[in-house]
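All ligand and atom numbering here is 1-based and tracks the order in the structure.
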Amino acid sequence: MASVEQIDGTGPSGEDGVRRRDFINIAAVSFAGVGAVAVVLPLIDQMNPSADVLALASTEVDLSAIQPGQAIKTTFRSQPLFVRQLTPKEIAEADKVDPSSLRDPQTLEERTVDGKKQWLVTMGVCTHLGCVPLGAGEGENRGEFGGYFCPCHGSSYDTAARIRKGPAPKNLEVPKYSFTSDTAILVG
Ligand code: FES
């Protein structure tokens, strides 16, 4: 039968007592950890934007004035957003590329909404160091792959806004968006 000395770890049982103290210490630290998480989680929750704030941060874009081959530059959550209507030729150029040959392999289909392949919606933020690429404005340099060109360090994106040349590691980001009608999208 265990003696009192053995149970409180002060008895002559030596190693057994040490192990019991270790367990008590570990348990105390674990509870402290749980307490810290419990305190931190509500704080993080308070820092998350509410649904109302997120709704305000959505951007509706009217597509009706964007002709094939044209793009517009707008903003989404204070960052540049490019919306472009691709021509059949630009779609064909994007489709003929083997995605496995790309730095950031993706097809045009994967970057657009089903049945709306001509609408290319991307952030206008170069994935290298965050400059705003050219190509969405009238007459701007679209680079050697016909999409967007970042003048900061020479990254060239193709007609699906996929990185093809230069230091940028990733394709231009496609934000979350959906069509609210044939001629309007809601981004965010
Ligand atoms: S920021 Fe675009 S190439 Fe460097």
* To do: Compute the ring centroids of Phe149 and Tyr157, then answer whether they are less than 6.0 Å apart.
  => no
* Asked: Is the Cys152 SG less than 2.5 Å from the Cys131 SG?
  -> yes
* Asked: So which N/O/S atom does His128 have closest to atom 4 (Fe) of ligand 1?
  -> ND1
* Is the distance from atom 2 (Fe) of ligand 1 to the nearest N/O/S atom of Cys150 under 2.8 Å? -> yes
* Asked: So, Glu173 versus Thr122: side-chain donor-acceptor pair below 3.5 Å or not?
  -> no
* Shared hydrophobic cluster, Phe145 / Val97 (ILVMFWY, side-chain heavy atoms < 4.5 Å) -> no
* Atoms in ligand 1 with a heavy atom of Cys131 nearer than 4.0 Å -> 1 (S)
* Counting only heavy atoms not in Lys165, do more than 12 fall under 6.0 Å of its NZ? -> no
* Structure fact -> Among the N/O/S atoms of His153, atom 4 (Fe) of ligand 1 lies closest to ND1
* Heavy atom of the protein closest to atom 1 (S) of ligand 1 (residue, atom name, distance) -> Leu129 N, 3.2 Å
* Checking only N/O/S atoms, does Cys126 have one that is under 2.8 Å from atom 2 (Fe) of ligand 1? -> yes
* To do: For the pair Arg164 and Glu144, find out whether any cationic side-chain nitrogen is under 4.0 Å from an anionic carboxylate oxygen.
  => no
* **Nearest-neighbour protein heavy atom for atom 3 (S) of ligand 1, which is reported as residue plus atom name and distance** => Ser155 OG, 3.3 Å
